[in-house]
Chemist: 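Sharing a structure with you now.
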Amino acid sequence: MSSPQFAPQSPDGHDHRVEQIVGRLLQLGVLLAAAVVLIGAIALLVQYGRDIAGFQLFHGENAALTSIKGIITAAFHGDSRGIVQLGLLLLITTPIARVALTLVAFVIQRDRLYVVTTGIVLILLLYGLIWGRA
Amino acid sequence: MTIWLLALLLMVGSFGAGLLGALTGLGGGLVIVPMMTLLFHIDLRYAIGASLVSVIATSSGAAAAYVREGYTNVRIGIFLEVATTIGALVGAALAGFIPTSALAVLFGLVLLYTAYRSFRAPDEHPVDLPSDPLAVRLKMNSTYPTAGGMRPYSVQGVKGGFALMFVAGILSALLGIGSGIVKVLAMDRTMKLPFKVSTTTSNFMIGVTAAASAGVYLHRGYIEPVISFPVMLGVLSGALLGARILAGARTLWLRRLFTAVVVVLAVEMLYKGLRGGL
């Protein structure tokens, strides 16, 4: 079945093992984020559950909950909305962590082309998350 | 409506969307935004923020399982993510200037296209044509598991696939969806990858693409905790359950049901967008 000209250019076995570890970490990241969101959600419902919801009009999020520093501060002061937001922030960073780990895998494999390619993706993601500009 | 009731209804709706999305393979993200805006009259920007978050959750959970099976092509995924993340950042920049009525019309068209595609079987195409020279240089050609062991495949149309991925990134940011349908179009039809490789590599990329615009939207206040938590938890639990029961499910009538829902939502979005009521 397999003919030499179509054989993968680099042994995929190594690639695959690294990706499995990365995949596991990714699942753990999602579960951790979901757990933090759930804790925050329960606190939020206890605290504000009976308030009237008004999201028909956009008024932006409370300034404190739109920056990484603000979210972490709010969450560690026990603010329920801050805890939910921290969980969502963890979730957004999970795929970014995956790209970072993939970068490490390509560095180990000394695959310079894909170190550069993965580095570009990582920089674009961090640019969006940290500076919030597009 | 109190926050309790809104959270409960959103969670039930999102659970259903996640479950149907996983069972039909069409993804739940597509129906989340129309549900939130049409049924609950939530502002489109909050809906997009919540939907992107749920897209990240389901894609990251499912991607790990696929990687274990050995279909995902990490090199192709990373290379095309350059296009999708640039597209997502461009889309996020544009989002502030495009009127919501125009976004509703665009959403309606994407929904209609998805419904149309869902009834066309994936074209069988040979996967061992001579490779695009660019794919050789980028080390994209690889192997995938079949009943008869690992089978090699070669990659076509790298530039065309890259361009389509840029569009997928823009749509993902503007509409808060995973754009899986455009990603598969690029990889299956343009780059001629085996179908399983297209779908799993697409899933691998969806979370990364969504994270690019979600990061920007977080700073802009589109991600509202009260709305996002029921959607994220609902879609995630629905998708996890869907993945568990997928093995024994008869999916044809589910696909029809889901497609019918998508068509109804498409018509509503087009109507609201054209009348300027959203």
Chemist: Taking atom CD1 of B:Ile206 and atom OG1 of B:Thr58, what is their separation to the nearest 0.5 Å?
Modeler: 7.5 Å

Chemist: Please look at A:Leu89 and chain B and tell me whether the side chain, the backbone, both or neither of the residue comes under 4.5 angstrom of a heavy atom of that chain.
Modeler: side chain

Chemist: For B:Leu38 and B:Lys272, work out which heavy atoms get closest and say how close.
Modeler: CD2-CG, 3.8 Å

Chemist: Keeping to residues at least two apart or across chains, list the side-chain hydrogen bond (donor to acceptor under 3.5 Å, both in side chains) pairs with something in residues 29-49 of chain A.
Modeler: A:Gln47-A:Ser80

Chemist: Where on B:Leu138 is there a heavy atom nearer than 4.5 Å to chain A: the side chain, the backbone, both, or neither?
Modeler: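 The answer is both parts of B:Leu138.
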
Chemist: Please identify, among A:Leu125, A:Ile83, A:Val99, the residue contributing the most non-hydrogen atom pairs under 4.5 Å to chain B.
Modeler: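 Among the listed options, the one with the most contacts to chain B is A:Leu125.
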
Chemist: Run the side chain to side chain contact (heavy atoms under 4.5 Å, CB included) test on B:Thr84 and B:Glu81 for me, step by step, so that the C-alpha distance in whole Å, both residues' side-chain angles and the decisive distance to 0.1 Å come before the verdict.
Modeler: CA-CA 5 Å; B:Thr84 62; B:Glu81 272 166 13; 4.0 Å; yes

Chemist: If I measure from the heavy atoms of chain A, does B:Ile78 come under 4.5 Å with its side chain, its backbone, both, or neither?
Modeler: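 Contact with chain A: backbone and side chain both.
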
Chemist: Would B:Leu80 and B:Thr201 count as a side chain to side chain contact (heavy atoms under 4.5 Å, CB included) here? Give the steps.
Modeler: CA-CA 10 Å; B:Leu80 295 176; B:Thr201 306; 6.0 Å; no

Chemist: Would you mind checking which part of B:Leu94 comes under 4.5 Å of any heavy atom in chain A, side chain (CB onward), backbone (N, CA, C, O), both or neither?
Modeler: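 It is neither, since no heavy atom gets under 4.5 Å.
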
Chemist: Heavy-atom distance under 4.5 Å to chain A: side chain of B:Ala212, backbone, both or neither?
Modeler: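 Both backbone and side chain.
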
Chemist: So which of A:Leu25, A:Asp51, A:Ile96, A:Thr93 has the biggest tally of heavy-atom pairs under 4.5 Å with chain B?
Modeler: A:Asp51

Chemist: Walk me through it: do A:Val115 and A:Leu103 pass the test side chain to side chain contact (heavy atoms under 4.5 Å, CB included)?
Modeler: CA-CA 6 Å; A:Val115 168; A:Leu103 177 67; 4.0 Å; yes

Chemist: Tell me, side chain or backbone of B:Ile227 under 4.5 Å from chain A's heavy atoms, or both, or neither?
Modeler: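 The side chain, not the backbone.
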
Chemist: Counting heavy-atom pairs closer than 4.5 Å to chain A, which one of B:Arg45, B:His41, B:Met36, B:Met232 comes out on top?
Modeler: B:Arg45

Chemist: Run the side chain to side chain contact (heavy atoms under 4.5 Å, CB included) check on B:Leu10 and B:Met35 step by step: do they pass?
Modeler: CA-CA 9 Å; B:Leu10 276 179; B:Met35 176 189 82; 4.2 Å; yes

Chemist: By a 4.5 Å heavy-atom criterion (distance strictly below it), what part of A:Leu88 contacts chain B: side chain, backbone, both, or neither?
Modeler: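 Side chain only.
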
Chemist: Taking every heavy-atom pair that is under 4.5 Å apart, which of A:Val37, A:Val121, A:Val84, A:Leu45 has the most such pairs with chain B?
Modeler: A:Leu45

Chemist: Can you tell me if B:Ser131 and B:Asn141 form a side-chain donor-acceptor pair at under 3.5 Å?
Modeler: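 The criterion, which ignores hydrogens and geometry beyond distance, is satisfied for B:Asn141 and B:Ser131.
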
Chemist: Counting heavy-atom pairs under 4.5 Å with chain B, which one of A:Gly29, A:Gly87, A:Ala34, A:Gly82 comes out on top?
Modeler: A:Ala34

Chemist: Which bit of A:Ile120 is near chain B, if near means a heavy-atom gap under 4.5 Å: side chain, backbone, both or neither?
Modeler: side chain

Chemist: Which distance, rounded to the nearest 0.5 Å, do you find between the CG of A:Leu91 and the CG of A:Leu31?
Modeler: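 These two atoms lie 10.5 Å from each other.
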
Chemist: Report which part of A:Leu113 has an atom under 4.5 Å of a heavy atom belonging to chain B: side chain, backbone, both, or neither.
Modeler: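 It is the side chain, since no backbone atom gets that close.
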
Chemist: Is it the backbone or the side chain of A:Leu44 that comes under 4.5 Å from a heavy atom of chain B, or both, or neither?
Modeler: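 Contact with chain B involves the side chain of A:Leu44 alone.
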
Chemist: Using the ring pair (Phe, Tyr, Trp, His ring centres under 6.0 Å) criterion, which residues pair with B:Phe40? Sequence neighbours excluded.
Modeler: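 Not a single residue meets the ring pair (Phe, Tyr, Trp, His ring centres under 6.0 Å) criterion with B:Phe40.
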
